[in-house]
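Here the structure is laid out as structure tokens; the discussion comes afterwards.
Each chain gets a letter, A, B and so on, in the order its sequence line appears, and its residues count up from 1.
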There are 2 protein chains.
Amino acid sequence: MASSVPSPLRSIGTLATATGVKVPTIRFYEQIGLLAPPPRTASGRRLYDDAALRRLSFIRHARQLGFDLDAIRSLLDLSDHPDRPCGEANAIAERHLSDVTEKIAQLQALRTELSRMSAECAGGRVSACKVIEVLHDHDLCAAEDHRASTVADFRA
Amino acid sequence: MASSVPSPLRSIGTLATATGVKVPTIRFYEQIGLLAPPPRTASGRRLYDDAALRRLSFIRHARQLGFDLDAIRSLLDLSDHPDRPCGEANAIAERHLSDVTEKIAQLQALRTELSRMSAECAGGRVSACKVIEVLHDHDLCAAEDHRASTVADFRA
DNA sequence: TATGCATCCTCTAGCCGCTAGAGGATCAAG
DNA sequence: CTTGATCCTCTAGCGGCTAGAGGATGCATA
């Protein structure tokens with residue numbers, strides 16, 4: 001039943017281009033235990049088989065969907081146990097979905113503020129600049145969230 | 001013309017509650033040069049006047065609007081020179097606005113994907129789970145951005 | 001076979017915007 | 001005079017990488 005032909009082995013660079021994950025990132029995933037340490041050549045170079053390729057692709061897809069590495073760890077774990085119920089996977093996805101939804105709402109509120117700001121600026125001196133003025137006076141209009149949270153935190 | 005009454009002085013804790021910025025954060029802002037080092041008491045405690053209060057409020061408002069500290073540095077600088085033209089302030093705001101807009105679009109695409117995923121999951125075993133399946137197969141549908149960027153990066 | 005360049009290795013440090021904690025000094029109230 | 005809140009400095013950590021030093025291999029070409 002098991003395959004008699006061993007799967008081809010690739011270097012870390014080949015794996016990187018195959019998956020779209022950068023080389024240092026792959027090593028980083030290994031370091032934090034997301035990826036198992038692969039076998040090495042005599043000279044110490046990593047060799048990856050198809051299973052590793054699939055695992056890394058999974059990770060990459062999950063990252064593209066915005067899951068954090070902890071969630072991905074759980075999802076990988078579930079994926080390794082196909083006989084378990086999938087409730088947990090769904091829960092992770094739905095939690096993430098609600099985070100995303102919330103974040104969108106925050107950013108939309110932010111966008112409204114920002115476009116109002118720059119629309120009102122008529123381009124004179126700073127002393128008359130709406131942008132600067134708003135920053136001086138703005139008291140978090142619709143000041144619902146008092147909870148120390150900085151609304152946006154994105155580095156694309 | 002200048003006021004004869006000196007403005008009242010407050011401790012860092014009082015400043016913190018007045019502005020909603022936490023004490024360690026205020027010290028952090030000082031450390032990175034966003035806030036000038038204030039005068040101290042004989043025993044070394046920081047004392048803040050009204051100008052410092054205004055400056056910190058400005059910073060907080062700008063953070064709530066999602067500006068990064070570098071942008072805030074520029075905005076503060078502009079705010080200190082009211083005679084300059086406000087084009088730069090506007091440019092900063094508009095750049096930020098377009099970043100926010102872009103991020104919203106990304107997150108909306110993400111949300112679509114995620115809700116499709118969890119909607120399709122019927123709650124059986126992991127082997128039949130759409131969530132896991134998508135992560136295995138997903139090739140970034142509408143795969144426009146190939147540019148190594150992780151779509152979402154948010155810690156609220 | 002020599003050479004040169006690409007790729008690989010490990011290790012450390014840096015990015016952003018804080019946050020947490022150690023270990024101690026000082027202050028205000030009772 | 002004690003208690004507890006606040007303050008001080010300093011260092012380390014978060015997430016998810018990225019960059020660079022300094023060196024060892026591997027592979028193709030002349």
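Checked by atom type and distance alone, the side chain of A:R116 never pairs as donor or acceptor with a backbone atom of A:E120 at under 3.5 Å. In terms of modelled atom types and a separation under 3.5 Å, the side chain of A:R46 and the main chain of A:G44 share no donor-acceptor contact. Judged by distance alone, with hydrogens and angles left aside, the side-chain atoms of B:T25 form no donor-acceptor pair with the main-chain N or O of B:V21 at under 3.5 Å. Checked by atom type and distance alone, the side chain of B:H96 pairs as donor or acceptor with a backbone atom of B:L65 at under 3.5 Å.
Heavy atoms of B:I12 sit under 4.0 angstrom from primed sugar atoms or phosphate atoms, though from no base atom. Here A:S11 lies in heavy-atom contact (under 4.0 Å) with sugar-phosphate atoms only.
For A:T101 and A:S98, the side-chain atoms include no donor-acceptor pair closer than 3.5 Å.
Taking side-chain N and O atoms only, A:R46 has no distance below 4.0 Å to OP1 or OP2 of D:dT25. At the phosphate of C:dG17, neither OP1 nor OP2 sits under 4.0 Å from any side-chain N or O atom of B:Y29. The side chain of B:T25 places an N or O atom within less than 4.0 Å of a non-bridging phosphate oxygen (OP1 or OP2) of C:dT19.
Per the geometry, CZ belonging to A:F28 stands 10 Å off C1' belonging to D:dT18, to the nearest Å. Whole-Å rounding puts the B:D68 CG to C:dC15 P distance at 14 Å. Rounded to whole angstrom, the span from the CG atom of A:L35 across to the C1' atom of D:dC17 amounts to 15 Å. Distance, B:L65 CG to C:dG17 C1': 17 Å, rounded to whole Å. Atom NZ of A:K22 is separated from atom P of C:dC8 by 15 Å (rounded to the nearest Å). Atom pair A:R45:CZ and D:dG23:C1' shows a separation of 12 Å (rounding to whole Å applied). The nearest whole Å value for the distance from the CZ atom in A:R40 to the C1' atom in C:dT7 is 14 Å. Going from atom CG of A:L47 over to atom P of C:dT7 covers 16 Å, rounded to whole Å.
Residue order along DNA chain D, read from the 5' end via each residue's closest nucleotide, puts B:S43 first among A:F67 and B:S43. Both B:D70 and A:G44 sit near DNA chain C, but only A:G44 has its closest nucleotide nearer the 5' end.
Residue side chain B:R27 does not reach the base of D:dT9 through any donor-acceptor N/O pair under 3.5 Å, judged by distance alone.
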